[in-house]
Protein chains: 2
Amino acid sequence: MTETWTDHVLARMRSETGRSGNARRRVVEFLGRQDCCVSAQEIHDGVRGAGSRIGVASVYRALEGLDELGLVQRVDLGDGTSRFERIDPRGDHHHHLVCDDCGKVEPFEDLALEEALERVAGGRGYEVAAHDVFLRGACGDCRAA
Amino acid sequence: MTETWTDHVLARMRSETGRSGNARRRVVEFLGRQDCCVSAQEIHDGVRGAGSRIGVASVYRALEGLDELGLVQRVDLGDGTSRFERIDPRGDHHHHLVCDDCGKVEPFEDLALEEALERVAGGRGYEVAAHDVFLRGACGDCRAA
DNA sequence: ACCTCAATGAGAACGGGTATCATTATCGTC
DNA sequence: GACGATAATGATACCCGTTCTCATTGAGGT
């Protein structure tokens with residue numbers, strides 16, 4: 001499944017631009033291995049750590065392209081840095097719980113929440129392209145500590 | 001009601017710090033006049049436009065203090081700048097619809113949405129302190145254009 | 001192998017937000 | 001009302017994530 005997303009995206013980008021560079025492939029492969037959102041820095045470090053001399057600009061360029069194609073989602077948790085995560089080809093998506101203490105980020109899904117969001121959007125004359133939801137507070141571990 | 005929030009906050013800050021400066025008062029008064037979120041720049045420009053030589057740092061300091069006291073809410077729409085809006089003393093709060101085309105931001109409320117959020121938080125062991133929701137898309141005007 | 005041009009990487013530039021620090025102004029005290 | 005202690009303020013330097021610039025590289029077609 002992880003491989004599926006990665007392969008799907010690489011094929012898509014190739015057919016889209018006609019070219020295929022090394023930097024983009026590394027970014028896509030890295031994102032394919034993540035289960036939740038990561039920052040551009042983390043991607044940069046991760047890829048570099050694996051031995052590729054990739055530039056920051058290329059990371060942002062790759063992410064921008066992926067975003068435009070709807071293959072990746074920008075996640076902004078309000079800490080001044082953007083994070084990115086792959087979009088499940090089956091349309092599933094999740095939101096985020098953020099711990100104010102330890103900074104941990106974990107995903108969650110909720111059907112009733114999605115339905116409520118649909119309803120709001122519909123009743124407002126808005127053509128909604130995306131929605132973001134995140135809850136912040138103290139996670140179980142930090143409450144115990 | 002606008003005056004109510006402003007007065008309430010000024011009194012609260014005064015009792016909290018024991019001091020009352022000009023910059024903070026101007027920021028609070030400005031926020032009291034807004035119906036939806038504004039950026040720190042907008043506050044700075046707005047107050048300066050009214051003739052007060054206020055510094056950017058003071059705006060951020062005031063906002064930080066108001067945030068800590070729970071009198072103001074940070075709103076991050078993912079465009080790289082934070083916005084702020086006053087918190088209704090009665091506990092009401094709203095979320096935001098953002099138009100990707102014209103950048104317009106408008107508030108909305110939805111009870112079912114709030115209930116769904118409560119439920120998610122409760123079932124996760126999280127002590128949730130705040131939640132953010134925003135929908136982005138094309139507003140009625142931009143769809144017509 | 002060669003040519004064309006998109007893709008890349010290094011580093012400069014940009015901008016929101018924060019930290020620093022000398023100056024100002026508020027409040028309690030006399 | 002003047003005075004002293006000290007919080008608040010404003011100008012500016014700084015930090016860091018992101019974007020821009022541009023010379024170089026390398027992929028794909030011929």
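Just so it is clear, the values below take in all heavy atoms, side chains as well, and ignore hydrogens, waters and symmetry mates. To find a chain, count down the sequence lines: A is the first, B the second, and so on, and within it residues start at 1.
- B:I87 and B:L66 fall into different hydrophobic clusters, where Ile, Leu, Val, Met, Phe, Trp and Tyr side chains are chained together by heavy-atom contacts under 4.5 Å.
- Of the candidate nucleotides D:dT18, D:dG10, D:dG26, D:dG10 has the atom lying nearest to any side-chain atom of B:A57.
- B:S58 comes within contact range of at least one nucleobase, with a heavy-atom separation under 4.0 Å.
- One can place CD of B:E16 at 20 Å from P of C:dT26, the figure rounded to the nearest angstrom.
- B:R74 has its side chain within reach of B:F84: a pair of non-hydrogen atoms, C-beta onward, lies under 4.5 Å apart.
- Between B:R19 and B:G55, the residue anchored closer to the 5' end of DNA chain D is B:R19, taking for each the nucleotide with the nearest heavy atom.
- Residues B:H96 and B:E106 have side chains not in contact (no heavy-atom distance under 4.5 Å, counting atoms from C-beta outward).
- We find that NE2 of B:H44 is positioned 8 Å from P of D:dG10, with the value rounded to whole Å.
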| task | Using the side chain to side chain donor-acceptor pair (under 3.5 Å) rule, take A:H131 and A:E118 through it: C-alpha gap first, then chi angles, then the decisive distance, then the call. | result | CA-CA 10 Å; A:H131 58 258; A:E118 294 283 333; 5.9 Å; no
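- Comparing D:dG28, D:dA11, C:dC27 against the side chain of B:R14 picks out C:dC27 as the nearest.
- Regarding contacts with the backbone of D:dA7, every side-chain N or O of B:T17 stays at 4.0 angstrom or more from both OP1 and OP2.
- Remark: C1' of C:dG11 and CZ of A:R53 are 15 Å apart, rounded to the nearest angstrom.
- Listed nucleotides C:dG16, D:dG28, D:dT9 differ in distance to B:R24; the shortest reach to its side chain belongs to D:dT9.
- As rounded to whole Å, 13 Å separates atom P of C:dG17 from atom CG of B:D67.
- Considering only side-chain atoms of B:R61, the nucleotide from D:dG10, C:dC27, C:dG9 that sits closest is D:dG10.
- Among the heavy atoms of the strands lying under 4.0 Å from A:A23 are primed sugar atoms or P, OP1, OP2 only; no base atom is included.
- A 4.5 Å side-chain heavy-atom check between B:L63 and B:I43 finds at least one atom pair inside the cut-off.
- Residue B:R25 places none of its side-chain N or O atoms closer than 4.0 Å to OP1 or OP2 of C:dA25.
- B:Y126 is not connected to A:V98 by any chain of hydrophobic side-chain contacts under 4.5 Å among Ile, Leu, Val, Met, Phe, Trp and Tyr, and they are in different clusters.
- The nearest heavy atom of DNA chain C to A:N22 and to B:G21 marks one nucleotide each, and the one closer to the 5' end goes with A:N22.
- At whole-Å resolution of the value, CG in B:D79 and P in C:dC14 are 20 Å apart.
- At a threshold of 4.0 angstrom between heavy atoms, the contacts of B:R48 are confined to the sugar-phosphate backbone, with no base atom among them.
- The side chain of B:Y60 lies closest to C:dG16 when the candidates are C:dC5, C:dG16, D:dA7.
- A straight line from CD1 of A:I54 to P of C:dA10 spans 10 Å, rounded to a whole angstrom.
- The distance between atom CD of A:E64 and atom P of C:dT8, rounded to the nearest whole Å, is 13 Å.
- When heavy atoms are screened at a 4.0 angstrom cut-off, A:S82 is found touching the sugar-phosphate backbone but no base atom.
- Summarising the geometry, the separation between CG on A:L63 and C1' on D:dG17 is reported as 13 Å, rounded to the nearest angstrom.
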